[in-house]
There are 2 protein chains.
Amino acid sequence: MRVSRLQAEENRQTVINVASRLFRERGFDGIGLKDLMKGAGLTQGAFYKQFASKNDLVAQASKRALDSALHRWSAAAAERPQDPLGAVTDFYLNMGHCAERADGCPVVALGSDVARQDADVKAAFEAGIKEYLALLSGWIGESEADGDEPEGKAMAMLSTMVGAMVLSRAVNDEQLSKQFLQAAADSVLAASPASNAAQGSRQ
Amino acid sequence: MRVSRLQAEENRQTVINVASRLFRERGFDGIGLKDLMKGAGLTQGAFYKQFASKNDLVAQASKRALDSALHRWSAAAAERPQDPLGAVTDFYLNMGHCAERADGCPVVALGSDVARQDADVKAAFEAGIKEYLALLSGWIGESEADGDEPEGKAMAMLSTMVGAMVLSRAVNDEQLSKQFLQAAADSVLAASPASNAAQGSRQ
DNA sequence: ATTATCTATAGATCTATAGATAATGC
DNA sequence: ATTATCTATAGATCTATAGATAATGC
């Protein structure tokens, strides 16, 4: 029954990856260790040789989810280097993202729950959120030390994007969902100093 | 042990009120029927004479939470009739709201969870959200039938406010929390057509 | 007679632990 | 000899139901 150290580490990574998806889909309290381990092809008994507690996995899976989401942002931006903000708003603020919770933004899928988690989990989200802000700041040409409101515009943009996704997922009316995403995209692009320059390439 | 019909209805309302607070504080899955009923001074056995299921209470408590939150918005706006938007952003985007989950905005406290609930719960949130939009629209002087983007600005504002609160609650760094709220307030007020007119009374 | 609430419990699930097993790593 | 995983289980909790009780409402 024992497997090699390499295989054990691979299994551990699989559990974290599976958890990062299943937590986003069902919530931290919405899935038990038995089903999480089953999703990784293991049984529940193996869990506590790999993690200290469920909370330990919650923290690690949160970090994994944020890393994965940031990677997707960077990839989306890289596909349209002359207009990274437009590329990311297109990528983020659409109905596909609204329907696909497991692979979507972890702040949207778990933000409300994170407020009720301990400092370890919040630390994972805080680190990821700071990276989101750094990306946005760079794309809108915001200096990071130009006054008492560092990254203020980036913070407002991220808030608008996260809020629009949360709202669009909280209603039944699909038309209303779309309108939230469209209104957020309009607002974010209008607030970017670079938006006029990039407008041509977006049209 | 039996109580009067009047008392029974009063008890039912108490359960809904208690649930609307405890769900916001601990999440729909974070509190059981035993503790919910205990919070209303009853025992678990009385629950199913009052509600069809836990989900039934989740839907009713969601509606109650949104009604209560809308009432607070109206009250805040009424205290500063010449600048309702400024009054509501002050009331909503502050650290007290960030710390007080049980009485705060239900979209912030439960938004991520609502995406995983059934249509009844989403209907309660949808109705409340539409009322938020109507209030905001009125305050910024937005016509409700002036093009293909009805209430677009109100939608972006609500998204920004909800997102900022979710983000500010998801991090450990209190300074960062404050900056999200400040950035959101700046962004929302700058986007209002009436913001210049009201600027004087806000300074 | 009806019924709102109570105590008690069924049956499922949850996190965490214990001990057995079998393959690895020395 | 060590250990990653397995099966099994402890003990707590969850939603929901059953039957008893005692006050209401007719």
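By convention in this document, chain letters (A, B, ...) are assigned in the order of the sequence lines, proteins followed by strands, and residues within each chain are numbered from 1. Source: prediction; values computed, not measured. Just so you know, these numbers use all the heavy atoms, side chains as well, and skip hydrogens, waters and symmetry mates.
Between B:Lys130 and B:Glu126 there is a salt bridge, with a side-chain nitrogen of the basic residue lying less than 4.0 Å from a carboxylate oxygen of the acidic one. At a threshold of 4.0 Å, the pair A:Arg116-A:Asp29 does not count as salt-bridged, since none of the basic side-chain nitrogens sits closer than that to a carboxylate oxygen.
Closest contact between the side chain of B:Thr43 and the listed nucleotides C:dC6, C:dA4, D:dC6 involves C:dC6.
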Verdict with supporting geometry, B:Gln13 and B:Asn17, side-chain hydrogen bond (donor to acceptor under 3.5 Å, both in side chains): CA-CA 6 Å; B:Gln13 295 302 325; B:Asn17 288 334; 5.6 Å; no

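The aromatic rings of A:Trp73 and A:Tyr92 sit perpendicular, their planes meeting at an angle over 60°, well past the 30° parallel limit. Taking the six-membered ring where tryptophan is involved, the planes of A:Phe91 and A:His97 are essentially parallel, since the angle between them stays under 30° and well short of 60°.
Within a 6.0 Å sphere centred on CD of A:Glu174, other residues, nucleotides and ligands contribute 12 heavy atoms or fewer.
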Nucleotides 12-17 of chain C: protein proximity per nucleotide (B base, S sugar-phosphate only, - neither; heavy atom, under 4.0 Å): --SBBB

Summary of protein contacts for nucleotides 21-26 of chain C, nucleotide by nucleotide, where a base hit scores B, a sugar-phosphate-only hit scores S (4.0 Å, heavy atoms): BBBBSS

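Computed from coordinates, the B:Met37 CE to C:dT5 P distance equals 7 Å when rounded to whole Å.
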Dot-bracket notation for DNA chain D, counting Watson-Crick and G-U pairs under 3.5 Å, with | for partners on another strand: ||||||||||||||||||||||||..

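Without hydrogens or angle criteria, A:Arg24 side chain to A:Gly104 main chain gives a donor-acceptor distance under 3.5 Å. In this structure, A:Ser62 contributes its side chain and A:Val58 its backbone to a donor-acceptor pair below 3.5 Å.
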